[in-house]
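All remarks here apply to the structure that follows.
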Amino acid sequence: MRTSLLMIVSVALAACARGEPSEVTLEVGKATRVHGCNVFVHDATPGDPPGSFMTSACDVPESFVNEKNWWGEGTQRPATTMMMGDCMRLGDRFYCLVEMEPGESVTLKATYEVTHRRVDHLRPIR
């Protein structure tokens, strides 16, 4: 009985260790793969309030992240302006802007996940 319990706990801990990180830092001018989506940070500007301009593409293969057209076929999608605390949906998670180094990088944190097909059912990620 104890052996079974230890095996279950070991498998659960191993699965958690392999999960995606809850925070990801993205460099300005470089596409990065985040939770199944390619994300490109066009700029991170200082100001009052500071803002970042990002574009994402979730319907492209991971191999496109290093290509000139990282977004895939067609025209590039327009950029989204994000301020501190704003969130964007990437796959079935919402990543919120938690830190910014103007002109250098932005840090997004997985904050909510979709629990149902409808986007209005969200659960906080701990």
Side-chain angles (χ1 to χ4, degrees):
M1 181 71 172
R2 257 187 240 189
T3 306
S4 299
L5 181 60
L6 286 174
M7 287 177 54
I8 291 170
V9 169
S10 298
V11 169
L13 288 175
C16 290
R18 283 192 297 261
E20 290 187 25
S22 64
E23 284 190 10
V24 61
T25 300
L26 311 172
E27 295 177 35
V28 171
K30 181 180 176 194
T32 307
R33 190 76 170 180
V34 179
H35 198 66
C37 301
N38 290 347
V39 182
F40 189 88
V41 180
H42 298 277
D43 201 4
T45 60
D48 189 23
S52 178
F53 304 98
M54 295 185 229
T55 306
S56 65
C58 293
D59 54 351
V60 296
E62 184 174 359
S63 61
F64 276 60
V65 78
N66 294 319
E67 298 294 325
K68 180 181 176 187
N69 291 355
W70 59 267
W71 60 87
E73 302 280 327
T75 59
Q76 182 178 349
R77 296 174 177 100
T80 300
T81 302
M82 290 186 65
M83 305 297 187
M84 295 301 277
D86 287 350
C87 304
M88 74 180 338
R89 184 175 181 176
L90 300 173
D92 63 352
R93 292 187 180 168
F94 283 85
Y95 284 78
C96 301
L97 182 62
V98 294
E99 190 176 327
M100 183 177 1
E101 291 294 326
E104 299 290 323
S105 65
V106 297
T107 301
L108 301 176
K109 181 177 182 179
T111 308
Y112 304 101
E113 63 184 340
V114 177
T115 62
H116 192 268
R117 280 186 228 157
R118 293 178 42 195
V119 74
D120 59 346
H121 293 148
L122 300 176
R123 173 179 46 222
I125 297 174
R126 293 183 169 70

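Along the sequence shown, the residues carry numbers beginning at 1.
- Separation of atoms CG (Leu26) and CG (Leu97) is listed at 9.5 Å; rounding is to 0.5 Å.
- Using a 4.5 Å heavy-atom threshold, the side chains of Leu108 and Val34 count as separate.
- Listed here is the closest heavy atom pair of Thr107 and Glu23: CG2-OE1, 3.8 Å.
- Proximity of Arg89 to Val114: side-chain heavy atoms (C-beta onward) are separated by under 4.5 Å at one or more points.
- The two residues Tyr95 and Leu90 have their closest heavy-atom pair at CD1-CD1, 3.8 Å.
- Follow the hydrophobic side-chain contacts under 4.5 Å out from Met84 and you reach Val39 in the same cluster.
- The same ILVMFWY cluster, assembled from side-chain heavy atoms under 4.5 Å apart, contains both Met54 and Val24.
- Under a cut-off of 6.0 angstrom, the local environment of CZ in Phe64 is crowded, with over 12 non-hydrogen atoms contributed by other residues, nucleotides or ligands.
- Taking both residues in full, the closest heavy atoms of Val106 and Met100 are given as CG1-CG, 3.8 Å, listed atom of the first, atom of the second, then distance.
- Side-chain contact between Thr111 and Phe94 is absent, with no heavy-atom pair separated by less than 4.5 Å.
- Contact between Pro61 and Asn38 at its shortest, heavy atoms only, is O-ND2, 3.8 Å.
- Under a hydrophobic-cluster definition in which Ile, Leu, Val, Met, Phe, Trp and Tyr are linked whenever side-chain heavy atoms come within less than 4.5 Å, directly or via other members, Trp71 and Met88 are assigned to different clusters.
- For the pair His35/Asp92, a side-chain contact is recorded, criterion being any heavy-atom separation below 4.5 Å from C-beta on.
- Here the closest non-hydrogen pair linking Gly91 and Cys58 is N-SG, 3.9 Å.
- In this structure, the side chain of Thr55 does not engage the main chain of Val41 through any donor-acceptor pair within 3.5 Å.
- Nearest heavy atom pair, residue Ala110 against residue Arg93, reads CB-CD, 4.3 Å.
- Between atom OG1 of residue Thr25 and atom CD of residue Glu99 there is a gap of 6.5 Å, rounded to the nearest 0.5 Å.
- With a 4.5 Å cut-off on side-chain heavy atoms, Arg33 and Val60 count as touching.
- Linking ILVMFWY side-chain heavy atoms closer than 4.5 Å, directly or via other members, places Val28 and Phe40 in two distinct hydrophobic clusters.
- In this structure, NZ on Lys109 lies 9.5 Å from SG on Cys96, to the nearest 0.5 angstrom.
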